[in-house]
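These notes concern the structure reproduced below.
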Protein chains: 2
Amino acid sequence: MRRAGGSKRTALIEATKELLWERGYEATSPRDMLDRSGAGQGSLYHHFAGKLELARTALTEMAEEEMAAIAAIFDPAKPPLDRVHAYLCRERDALRGCRLARLANEAAVELPAFRQPIAAFLDRIIELLHASLAEAQAGGQLRPGIDPSIVATTLLAVIEGGYVLARAHWEPRYMVEAVGGAVALLRTVATVPIPSAAERLGQ
Amino acid sequence: MRRAGGSKRTALIEATKELLWERGYEATSPRDMLDRSGAGQGSLYHHFAGKLELARTALTEMAEEEMAAIAAIFDPAKPPLDRVHAYLCRERDALRGCRLARLANEAAVELPAFRQPIAAFLDRIIELLHASLAEAQAGGQLRPGIDPSIVATTLLAVIEGGYVLARAHWEPRYMVEAVGGAVALLRTVATVPIPSAAERLGQ
DNA sequence: GTCTATAGAAGGATAGAC
DNA sequence: GTCTATCCTTCTATAGAC
């Protein structure tokens, strides 16, 4: 019994968003969702078909929230490689993991309904990276030999892998190092200076 | 009731190694371990303190098995950058995920006993990559401006992130692309040719 | 060492009153 | 829409015979 205002449906979604980030899907039970939201059994099954549908709804909202922040980083007014650099060096809570991709290793990811919001979120980031890299290349700021499409996927993989390494070691510095190496490599394929790598990273 | 020969202890460990890779830790129950191994309740709790200790034993063996294969890839007789390339382009079952790091997002990773075998395994790979990159740099095959230490972490992050992206999309090609971009970037910081990127990847 | 039997708690969902 | 009460299954572990 924690929340007062708003409908129980909203409270359930908010609680589930927290729990999915904190514990993942398998490790979260309907009881956990009810306890944290302050809703009773009936509310969950009135508004949702079950645990999976509630989780899917929460995931979709999480993706929207994250995407809003990320879209702001890819501000078209900035030089394209600055956008890429800003995304890479963005502050992250490495030990918490990626809010969406954290769930990629759950058994439930084999269900299309579960993975759809996660995959769409990741694809959108790849698109933003790809577009920025392609724009840089068209403007002569990125070497012609580089394929913006696959490098975009590589850069996102560095971030997602950085989370994995940081969590496996319970050491945020693995994320910092993974990003640092990516920025160093990016610098070697750029024909213009990239902002200082000394920006704050992770925690 | 699936296995005949060997002790029940061995059968339990083998079954657990399979299950941890297939489903992860949370999604695997002691009952699953018993069913697949053919052991009874008593055998599990006779040989191990419980689910966690059995999982830890299985993880340790998994790390040893994987490490044997990886050590062979880093054959000191090969040129150092060829080793790195061979590791990156190694065939992988992208949808199954990394046998060890797949568990980095389980809630149980907060327990040191659980994450220790995983962290040690990943650190050993970073060391092998680091040593090869440093050797290449000392031999003039890698540009002086590159830091072999952080790039080693970045390359492993690409692999682990590649698994995450492939699983989230249920599409092995994300691993292929992530690796492809990493090889392309590595090529730009090398001063000698790196073997063809057309090697077979993933499944 | 291995087995079956059992147990208390938690998981996931339903029934039905208000 | 929301609540409490209930239900069956699964989870994790223990007991005790062989």
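This structure is a prediction, so every number in the text was calculated from the model and none was measured. Throughout, protein chains are lettered first and strands after them, A, B, ... in sequence-line order, and every chain is numbered starting at 1. These numbers come from the heavy atoms of this one structure, side chains and all, not from hydrogens, waters or symmetry mates.
Tyr25(B) and Phe114(B) have their aromatic ring centers within a separation under 6.0 angstrom.
Side-chain contact check for Met33(B) versus Thr28(B): some heavy-atom pair is nearer than 4.5 Å. Within the 4.5 Å cutoff, side-chain heavy atoms of Arg99(B) are placed close to those of Glu65(B).
Atom C1' of nucleotide dT10(D) and atom CG of Asp35(B) are separated by 12 Å, given to the nearest angstrom. When rounded to the nearest whole Å, the span between CZ of Phe48(B) and P of dT14(D) equals 15 Å. As rounded to whole Å, 16 Å separates atom C1' of dC18(C) from atom NZ of Lys8(A). Atom CG in Leu19(A) sits roughly 16 Å away from atom P in dA10(C) (whole-Å rounding). When rounded to the nearest whole Å, the span between CG of Leu54(B) and P of dC11(D) equals 15 Å.
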| message | Applying side-chain contact (heavy atoms from CB on, under 4.5 Å) to Glu18(A) and Arg36(A), what does each step give before you reach the verdict? | response | CA-CA 9 Å; Glu18(A) 293 176 8; Arg36(A) 187 166 299 197; 2.9 Å; yes

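OP1 or OP2 of dG1(C) sits under 4.0 Å from a side-chain N or O of His46(B). The shortest distance between the side-chain N/O atoms of Ser7(A) and the OP1/OP2 oxygens of dG1(D) is not below 4.0 Å.
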Grab the N/O contacts between the protein and nucleotides 12-14 of chain C below 3.5 Å, and write none if there aren't any.
{"residue": "dG12(C)", "atom": "OP1", "partner": "Lys51(A)", "partner atom": "NZ", "Å": "3.4"}
{"residue": "dA13(C)", "atom": "OP2", "partner": "Tyr45(A)", "partner atom": "OH", "Å": "3.1"}
{"residue": "dA13(C)", "atom": "OP2", "partner": "Lys51(A)", "partner atom": "N", "Å": "3.4"}
{"residue": "dA13(C)", "atom": "N6", "partner": "Gln41(A)", "partner atom": "NE2", "Å": "2.2"}

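Of the listed nucleotides (dG11(C), dT2(D), dC3(C)), dG11(C) has the atom at the smallest distance from the side chain of Asp32(A).
With sequence neighbours excluded, no residue satisfies side chain to side chain donor-acceptor pair (under 3.5 Å) with Glu53(A).
Ring geometry for Tyr174(A) versus His169(A): interplanar angle under 30°, hence parallel rather than tilted (30 to 60°).
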